[in-house]
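Treat the numbers as computed from the prediction; the structure is a model and nothing was measured. Residue numbers start from 1 in every chain, and the chains themselves are labelled A, B, ... in the order their sequence lines are given, proteins ahead of strands.
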Amino acid sequence: MADHDRRHGGGSSYNPKKRRYREDDDFDRRGPPRHQQQRRFDAPPHVRVRKQLIAIAENPMRPWHDEAQAIATLFTDNWDDELLRANFVDLVLQLAVEQPLKTPFTAAVVLLANVARPEVVDLLLGKLAGLVEGGIRAGEWRAVKMYLKLLGCLQGCLEGEGVFPVLEELFARAVDLQTASSEDTIGTEIVKIILLTLPYVMVAAPGQWQQKAADLMEKTEIIASEPHTLQALVEPYHPESGEDNTAPSQSLIGVLQTQLQNEANNGWELACLPRPWELPLGEVEQQSKLDSAAKHALPTITVPETVVAGSRPLFPEVFFSVYQNQEVESVPPITSAASCLIRDALVDTINVLHINRNITARHLIDLDCYFAPRTFTARATPFDKIRDIEPPKSSWKPEDVAVDAVFSQLFQLPNAEHKLVYYHSVLTEACKLAPAAIAPSLGRAIRYLYRNSQRLDYELTNRFMDWFAHHLSNFGFTWKWTEWVDDVELPDIDPRKAFIRGAIDKEIRLSFAQRIKNTLPDPYKELISPDKEKDVPDFKFADDDTPFAAEGREIAALLKRKAPDEEIDAVIQRIQSLAIDRDLDALVASTDVFVTCVLHVGSKSLSHVLAAIERTKDRLADAGAASDAARGQIISATMAYWSAHPGVAVSIIEKLLNYSILTPATVINWALVARAGATRGEALATAHIYELVFNTVVKVTTRIRQLALKPTPTPTPTPTPQPDTAAAAAPENAPATLDAEVTSMRALFGAIEDALVSWAAGSKDEMMEASDGDGDGDGDGDGEHERLVRRWGERWLRVFRRRAAIEEAFLVEAARERARRAAEDEGEDEAAAAAGGAAGKGVEGQEMVVEGEGA
Amino acid sequence: MRGPRTTVERLDQPSAYFVNRNKRRRFDGKDQRDADDDVNMQPDQPEDDPLKDATTLYVGNLSFYTTEEQVYELFSKCGEIKRLVMGLDRIKKTPCGFCFVEYYTYQDALDCMKYIGGTKLDERIIRTDPDPGFIEGRQYGRGRSGGQVRDEYREDFDEGRGGVGRAVQQQRVRDRERQDNDDDYGRLR
């Protein structure tokens, strides 16, 4: 099918240049564009149906029922076209999981086609049931949800109770799982899916299923209203202990349950959902045909006894919004089902359309096309104007709803589904498509996040900072910095000031100091030191007052001319003996000189410094291995040399970790004990120190995850030629290395915990000394400083405790998965022994179901 | 892995440049009629597709002034960078507006195509294209005057890429000289 389409539709299969030239030619001839017209009408029905179905509901000027009817007629009129028949069903199913906002509309086409050609629904239901079943078996819960939504929209043409038996069966599994373990997340996910399917069923077959729905919701209530044990792991806010408004975020399923209860009490009004299958009054005849069209039996969907979590780790979810508590309601309130239903469709859209961020952005901008008319205000209505909107009219700004949905994903804890930069790019594209509409919404979001930056989880504050700088870099670095100008006066340890400093540093890293300076109001300019504008940092040994200046210059010269090791050795020896004379740590002194010289020699660019490190890596490794203090000094020297450009320092340290010149423990110890201690805790408020520690932890955990998954590689489309040899060799080796790595990871998290606990508790020596020492003069200032440091400690602690917890959870899950695979292999071996080579095929077949999901 | 054609275009596909270059190579010397069938041959192609697990990206339309560090800062958002090779003017050995970014994984490279290609770095929209891998020598511009070919005859003034194309610059200088000569010539008469 694909090939056929491409040739007719895209026109890109053969030489595009020629084609374009010919088109130009058409326009030049003044007569009627014959070729063009012919081409358009020539397109075979399956191409036209595909094109129209994919673009369904995109045009706001076209009434839904017209469009759906046109496609349905085109389809049923060409029923004999076999290609079309097969393609249609597949395309409807594919759209359900690729463009979920369009599901109600494609469902309407199916319902209308059912009038003339009821067979198509049987064809569709057969495949759909298979996909739902396959999705459940593989734990692909989002696909299950999206297929069930389609099924829910078809409730009107289903026999008997339609979707309800499936939902009930699923619920039974959820109950089992939840009773078995309070930490279960699959059951939570299932309940979410049930609650999100229900509204579509209720609008597809209005007035019929209220009792059924009530019964089901009575059951889900028990699970939905119970706060989940793991909810703390995903809580986006981390208020200070003394704060008043510390109500934790509400769980998504809890919110949903309440919202749907309200809807049930109002006769399932569900005003926001589109009902393209409801024809206007003028079409009574067609409507009655639609209503009396054939009903179909839904093939049995078997839910396996044990269900799995699938490829994406599941966590409970909370409802996050950056537009809560505004004086005017610009997004649906949390009491309205619209908030969760629209959010759900948008979030699915965002996460499944990662293959094309431009289309994602388009869907977000056009979101009012996919919901009931009058759900939103006109696009790009200024926030000031929505104040004047009188109640029955909606004050919900489509832009705010769209932006809110993206932020909910960018700020998803413990991890976002995709790389964070994807969500950055979606916001960038949305802003490019409709700057006048989106930019002001982003502005309000930024203000909200800035205001709440001290309440936000620290990991999220950093995601915000990173996005903010990256976003500005795409839009000429323009931001109304003047509104935060008073905060420049705050001490560096204040969270708002920390944000400003971190954001400016990130901006400079993507650009250069002079450029960023020009975008900032005067008071901010002092935050950019003159050192940042130098091409290359100063070489401290150029100054004769620096200890070991002569030796430093000598080593730099030797390094530059790639002198043999012995010559460098001699100078190092000299430094060490001088250091001993001066009562200094000899190893630390020589390491500092040597590392600084390597950095100086490689100061021109990262490539230069990497080449310099490559040449000297043995000596660096030896220096690091000599003592903890020397190892720490490698970091100190790097950070000192690149103090004006901490981004470069962070990159270099990352490479030093790759060379094993540094260990993760050194980095942690340097940052959280040495550096934080030397700055009386202020280092904890420095964004690049967090970045350094966070990146190091991510490096360690990523490696562990790779190892943990290694023994049985994830199924890839290319079949491994000799599975037995590969499988036999790996499991014996891997667990040993894995165990060792896990032990050191735990030790690392332990070290982080120990260091941070004392900062959070205020029991750090440096803090005690400070408050003891000058308690007489400005005691208040110190008290405030101490409070802020403690608060930073708490915030860091929460981030890394969560990291540790999810890694442990991952290891448990990975071990379970390995066991499952092993059991499967064993079973396979037995089967193979019994039935010869047939077993391998069986497993392959099973995977096919999983992979064929999009088919 | 490649399922049925998606309902939206994927952004992690190689550009026409690479596809065409490859096609040209593959069908070099073959009967032109064969080329028409190449659409149908596609299912067999992945076997020898040089971009199958490409971890390297060609990055284009950089400013001449964009530094390695800036590239690092942006491209690290898709994963750790294994190697970065800046494109240099063959003669002057200064950056000439492109680079190769190599990641550790194929997935990171694909994600980079999807999330970074077509966004701005140093306030220019940059272009990314999967690449079969860096080979020594490819870091140099292949234009006549040392830079990239595309900068040779460019007529629009692009501040970040050395003004107008060098060939165009030279042409203009020549034109001006000729004009001057013409004037002199006329005066002598």
Side-chain angles (χ1 to χ4, degrees), chain A residues 1-3 5-7 12-14 16 50 53-54 90-91 94-95 98-99 353-360 418-422 424-426 428-429 466 470 473-477 506 509-512 515 605-607 610 645 647-648 651 654 658 699 702 716-718 851-855, chain B residues 1-13 16 19-20 23 35-36 38-43 46-47 52 65-86 95 104-105 107-108 110-123 125:
Chain A
M1 147 199 169
D3 287 340
D5 277 8
R6 206 176 298 146
R7 213 173 305 150
S12 56
S13 356
Y14 28 81
R50 179 181 169 91
L53 204 55
I54 285 179
D90 288 343
L91 187 58
Q94 204 185 348
L95 278 171
E98 285 183 9
Q99 304 196 34
L353 280 179
H354 63 98
I355 55 169
N356 191 327
R357 60 176 197 262
N358 303 312
I359 305 284
T360 314
H418 297 290
K419 287 176 181 147
L420 298 171
V421 62
Y422 168 56
H424 299 188
S425 76
V426 169
T428 305
E429 296 306 332
D466 203 43
H470 186 203
S473 81
N474 271 283
F475 295 94
F477 296 103
K506 292 237 164 197
R509 289 198 217 171
L510 286 166
S511 184
F512 51 100
R515 169 76 180 107
S605 75
L606 274 174
S607 300
L610 293 183
H645 297 280
V648 177
S651 298
E654 188 161 319
N658 289 352
K699 196 181 263 288
T702 312
T716 46
T718 45
E851 278 173 8
E853 218 168 87
Chain B
M1 194 174 82
R2 286 265 176 272
R5 182 157 67 116
T6 47
T7 59
V8 303
E9 186 199 346
R10 301 186 66 99
L11 293 183
D12 51 9
Q13 302 290 306
V19 173
N20 288 342
K23 216 185 277 177
D36 250 3
D38 94 286
V39 188
N40 301 329
M41 279 167 54
Q42 255 167 8
E47 285 306 321
K52 189 162 55 91
Y65 307 102
T66 298
T67 63
E68 270 183 47
E69 289 72 17
Q70 284 170 283
V71 177
Y72 249 92
E73 180 68 23
L74 180 63
F75 282 77
S76 295
K77 292 184 194 296
C78 276
E80 191 180 337
I81 294 171
K82 189 175 177 187
R83 182 166 59 155
L84 171 60
V85 181
M86 292 298 278
Y104 283 95
T105 69
Q107 190 57 49
D108 287 348
L110 286 183
D111 287 345
C112 185
M113 292 282 295
K114 293 187 290 185
Y115 313 148
I116 291 183
T119 66
K120 279 185 180 177
L121 174 58
D122 222 356
E123 303 179 60
I125 302 267

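- Looking at B:Asp111, the atoms closer than 4.5 Å to chain A (heavy atoms on both sides) all sit in the side chain, from C-beta outward.
- The pair A:Lys419-B:Asp108 meets the salt-bridge criterion, with a side-chain N (NZ, NE, NH1 or NH2) lying under 4.0 Å from an Asp/Glu carboxylate O.
- For A:Ser605 against B:Glu68, the heavy-atom pair with the smallest separation is OG-OE2, 3.0 Å.
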Next item on the list: Give the intermediate values and the outcome of side-chain contact (heavy atoms from CB on, under 4.5 Å) for residues A:Ile359 and B:Glu9.
Entry: CA-CA 9 Å; A:Ile359 305 284; B:Glu9 186 199 346; over 6 Å; no
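- The shortest heavy-atom contact between B:Glu80 and A:Asn658 is OE2-ND2, 2.6 Å.
- In this structure, the side-chain hydrogen bond (donor to acceptor under 3.5 Å, both in side chains) partners of A:Tyr422, at least two apart in sequence or on a different chain, are A:Thr360.
- In this structure, the salt bridge (Lys or Arg N to Asp or Glu O under 4.0 Å) partners of A:Arg357, at least two apart in sequence or on a different chain, are A:Glu429.
- Taking all atoms of both residues into account, the shortest heavy-atom contact from B:Gln70 to A:Arg509 is CG-O, 3.5 Å.
- With a 4.5 Å cut-off on non-hydrogen atoms, A:Leu610 touches chain B through its side chain but not through its backbone.
- Within the 4.5 angstrom heavy-atom criterion, no atom of B:Thr67 approaches chain A.
- Neither the backbone nor the side chain of A:Leu420 comes within less than 4.5 Å of any heavy atom of chain B.
- The shortest side-chain heavy-atom distance between A:Val648 and B:Tyr72 does not fall under the 4.5 Å cut-off.
- Shown here for B:Thr7 and A:Gln99, the closest heavy-atom pair between the two residues is OG1-NE2, 3.0 Å.
- Interface remark: A:Phe475 contributes no atoms to any contact with chain B (heavy atom separation under 4.5 Å).
- Residue A:His645 does not touch chain B at all, counting heavy-atom pairs closer than 4.5 Å.
- When all heavy atoms of A:Ser473 and B:Glu123 are compared, the pair lying nearest together is O-CG, 4.2 Å.
- The contact between A:Leu510 and chain B is made by backbone and side chain atoms together, counting heavy-atom distances below 4.5 Å.
- Both the backbone and the side chain of A:Leu606 come within less than 4.5 Å of a heavy atom of chain B.
- Across all their heavy atoms, A:Ile355 and B:Lys114 have their closest contact at CA-CD, 3.8 Å.
- Heavy atoms of B:Leu121 lying under 4.5 Å from chain A belong exclusively to its side chain.
- Residues A:Arg50 and B:Arg5 have side chains in contact (heavy-atom distance under 4.5 Å, counting atoms from C-beta outward).
- Ranked by non-hydrogen atom pairs under 4.5 Å with chain B, the options A:His424, A:Lys506, A:Glu654 are led by A:Glu654.
- At least one side-chain heavy atom of A:Asp466 sits less than 4.5 Å from a side-chain heavy atom of B:Lys77.
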Notebook entry, point to check: Should B:Val8 and A:Asn358 be marked as a side-chain contact (heavy atoms from CB on, under 4.5 Å) after you check the CA-CA gap, both sets of side-chain angles, and the distance that decides it?
Noted result: CA-CA 10 Å; B:Val8 303; A:Asn358 303 312; over 6 Å; no
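- Of the two parts of B:Ile116, the backbone and the side chain both hold a non-hydrogen atom closer than 4.5 Å to a non-hydrogen atom of chain A.
- Annotation: side chain of A:Ser607 is not in contact with side chain of B:Met86 (no heavy-atom distance under 4.5 Å).
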